[in-house]
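These notes are about the structure you will find just below.
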Amino acid sequence: MHTSYIRAVRAESLKLKRSPVWLAFFALPLISAFFGTMNYKMNIGVLKSEWYSLWSQHSLFLCYLFMPALIGTYCSYLWRLEHTRHNWNSFLTAPLPISSLYLGKLTQAVRVTILGNLWIFLLFYVCGKLAGIQSPFPKEVPEWFLCGTLGAVVVCCVQLLLSLMIRSFAIPIGIALAGGILGLYMTNHDYGMNYPYSIYCLGMRANNPSMEISISTLLVNSLGYIIVFAALSIFYLRKHEIAAN
């Protein structure tokens, strides 16, 4: 299993070299950081919590709109070769376990998401310094990063299943965008921990750095969603593997 998993990860990595999706992962957080910082600077008389106020400006649209759509785009891209080039038989009859094939794609999605989160917090730090913030960097940032990354893995699992089942490249991305918008509603009505697209935003404390959440609930719900959606994807692939053979 270990060897086949490594082979699957390498194969997916080769497919995604020079992918234009990488550009979006770096460009959209940069745009969001720019406008968030400008808004912070223009309202500095009202936004007096320095780093925390800046984070509220950086994270609202980024976490609820841009990142779900970016993850959706990347997951659609991961299945694009199989969908557009009628490559399903080759994929399903590859000399690797179905679970390894799926985990290869999930690993790539998670890897890019982690890099995206690191980029987001690097931009946050740089923009804070450029905005003239002198207070210490928030000690909560490592927790936001870890919780947000776990929530992002949930979104990856959901979107990989949608992109696996739906051959259209754009429809899963639209679902991700709608899911992120609905996530804001669910969070505002205290249902965020039970809705997969909200967990990422809650973990990142999007638009509300002082928010208190139950880490244990976030952990349990995230792992539950990851296991369920990963299992559904593998079951779907195995069902089609039987048909291909």
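Scope of the values below: all heavy atoms of this structure, side chains included, with no hydrogens, waters or symmetry mates.
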Checklist entry - Do the side chains of Tyr64 and Ile181 get nearer than 4.5 Å, heavy atoms only? => result no
Please tabulate, for the side chains in residues 221-230, all donor-acceptor contacts under 3.5 angstrom to protein atoms that are two or more places apart in sequence or on a different chain.
| residue | atom | partner | partner atom | Å |
| --- | --- | --- | --- | --- |
| Asn221 | ND2 | Met193 | O | 2.6 |
| Ser222 | OG | Leu218 | O | 2.7 |
| Tyr225 | OH | Asn194 | O | 2.4 |

Please table the atom pairs, donor to acceptor, closer than 3.5 Å between any side-chain atom in residues 109-116 and protein atoms at least two apart or in another chain.
| residue | atom | partner | partner atom | Å |
| --- | --- | --- | --- | --- |
| Arg111 | NE | Gln108 | OE1 | 3.3 |
| Arg111 | NH2 | Gln108 | OE1 | 2.7 |
| Thr113 | OG1 | Ala109 | O | 2.8 |

Item to check | Residue pairs involving residues 142-171 (criterion ring pair (Phe, Tyr, Trp, His ring centres under 6.0 Å); sequence neighbours excluded) | outcome: Trp55-Trp144
Checklist entry - When you look at Val141 and Phe124, which way does the side-chain contact (heavy atoms from CB on, under 4.5 Å) test go after all the steps? => result CA-CA 10 Å; Val141 164; Phe124 175 50; 4.3 Å; yes
Next on the checklist: Nearest 0.5 Å, please: how far is CG in Leu237 from CG in Leu161?
Outcome noted: 9.5 Å
Item to check | Short side-chain donor-acceptor distance under 3.5 Å, Asn117 and Thr149 | outcome: yes
Checklist entry - Taking all atoms of both residues into account, what is the closest heavy-atom pair of Leu164 and Ser233, and its distance? => result CD2-O, 3.7 Å
Checklist entry - What pairs with Ala69 under side-chain contact (heavy atoms from CB on, under 4.5 Å), at least two apart in sequence or on another chain? => result Leu177
Item to check | Closest non-hydrogen atom pair, Phe137 against Phe121 | outcome: CZ-O, 4.5 Å
Item to check | Verdict with supporting geometry, Thr37 and Asn39, side chain to side chain donor-acceptor pair (under 3.5 Å) | outcome: CA-CA 5 Å; Thr37 304; Asn39 194 54; over 6 Å; no
Checklist outcome for this item: Heavy-atom closest pair (Ser4 atom, Ser100 atom, distance to 0.1 Å) is OG-OG, 2.9 Å
Next on the checklist: Starting from Val220, can I reach Val155 by hopping between I/L/V/M/F/W/Y residues whose side chains sit under 4.5 Å apart?
Outcome noted: no
Item to check | Heavy-atom closest pair, residues Ile215 and Cys147 | outcome: CD1-SG, 3.7 Å
Item to check | Stepwise side-chain contact (heavy atoms from CB on, under 4.5 Å) test for Ser49 and Leu47 | outcome: CA-CA 6 Å; Ser49 298; Leu47 302 172; over 6 Å; no
Next on the checklist: Using a 3.5 Å distance criterion without hydrogens, assess whether the side chain of Ser56 forms a donor-acceptor pair with backbone atoms of Ser53.
Outcome noted: yes
Checklist entry - Distance from Leu162 atom CG to Ile173 atom CD1, nearest 0.5 Å? => result 11.5 Å
Item to check | Centroid-centroid under 6.0 Å between Phe61 and Phe66 rings | outcome: no
Item to check | Residues forming a ring-ring contact (aromatic ring centres under 6.0 Å, His included) with Phe35, sequence neighbours excluded | outcome: none
Item to check | Partners passing side-chain contact (heavy atoms from CB on, under 4.5 Å) against Arg7 (at least two apart in sequence or in another chain) | outcome: Thr3, Pro95, Leu96
Item to check | Gap between atom CG of Leu123 and atom CG of Leu62 - 0.5 Å precision | outcome: 9.0 Å
Checklist outcome for this item: To the nearest 0.5 Å, atom OG of Ser163 lies from atom CE of Met165 at 11.0 Å
Item to check | Results of salt bridge (Lys or Arg N to Asp or Glu O under 4.0 Å) for Glu143 - residues two or more places apart only | outcome: Arg205
Item to check | Tyr185, OH: over 12 other non-hydrogen atoms inside 6.0 angstrom | outcome: no
Checklist entry - Would you say the side chain of His58 lies within less than 4.5 Å of the side chain of Cys63, judging by non-hydrogen atoms? => result no
Checklist entry - If Ile, Leu, Val, Met, Phe, Trp and Tyr residues are connected whenever their side-chain heavy atoms lie under 4.5 Å apart, and connections chain through other members, are Phe235 and Tyr102 in the same group? => result no
Item to check | For Tyr197, all residues meeting ring-ring contact (aromatic ring centres under 6.0 Å, His included), sequence neighbours excluded | outcome: Tyr195
Item to check | Partners passing side-chain contact (heavy atoms from CB on, under 4.5 Å) against Leu122 (at least two apart in sequence or in another chain) | outcome: Trp119, Val126
Next on the checklist: Go through it in stages, so that I can follow the logic: the residues are Gln159 and Tyr74, the test is side chain to side chain donor-acceptor pair (under 3.5 Å), and I'd like the CA-CA distance, side-chain angles, deciding distance and then a yes or no.
Outcome noted: CA-CA 9 Å; Gln159 289 300 137; Tyr74 196 70; over 6 Å; no
Checklist entry - What pairs meet the salt bridge (Lys or Arg N to Asp or Glu O under 4.0 Å) rule with one or both residues in residues 38-63, with sequence neighbours excluded? => result none
Checklist entry - If you group Ile, Leu, Val, Met, Phe, Trp and Tyr by side-chain heavy-atom gaps below 4.5 Å, do Leu130 and Tyr40 land in one group? => result yes
Item to check | For Thr107, all residues meeting side-chain hydrogen bond (donor to acceptor under 3.5 Å, both in side chains), sequence neighbours excluded | outcome: Tyr5
Checklist entry - What residues form a ring-ring contact (aromatic ring centres under 6.0 Å, His included) with Phe34, not counting sequence neighbours? => result none
Checklist entry - Considering only heavy atoms from C-beta outward, does the side chain of Gln57 approach that of Met42 to under 4.5 Å? => result no
Checklist outcome for this item: d(Ile213 CD1, Asn208 CG) to nearest 0.5 Å is 11.0 Å
Next on the checklist: Please check: side-chain N/O of Thr187 versus main-chain N/O of Gly183, any donor-acceptor pairing under 3.5 Å?
Outcome noted: yes
Next on the checklist: Does Ser198 form a side-chain contact (heavy atoms from CB on, under 4.5 Å) with Tyr191? I'd like the steps, not just the answer.
Outcome noted: CA-CA 8 Å; Ser198 297; Tyr191 299 119; over 6 Å; no
Checklist entry - Hey, does Ile175 have a side-chain heavy atom less than 4.5 Å from the side chain of Ile166? => result yes
Item to check | Interatomic spacing from CG in Leu70 to CG in Leu65 - rounded to 0.5 Å | outcome: 10.5 Å
Item to check | Met67 and Leu28: CA distance, side-chain angles, deciding distance, side-chain contact (heavy atoms from CB on, under 4.5 Å) verdict | outcome: CA-CA 9 Å; Met67 280 302 287; Leu28 282 180; over 6 Å; no
Next on the checklist: Closer than 3.5 angstrom, by distance alone: can the side chain of His83 be matched with the main-chain N or O of Tyr77 as a donor-acceptor pair?
Outcome noted: no
Next on the checklist: So which atom in Ile171 and which in Ser168 form the shortest heavy-atom distance, rounded to 0.1 Å?
Outcome noted: N-OG, 3.2 Å
Checklist entry - How far apart are the closest heavy atoms of Gly72 and Ala176, and which atoms are they? => result CA-CB, 4.2 Å
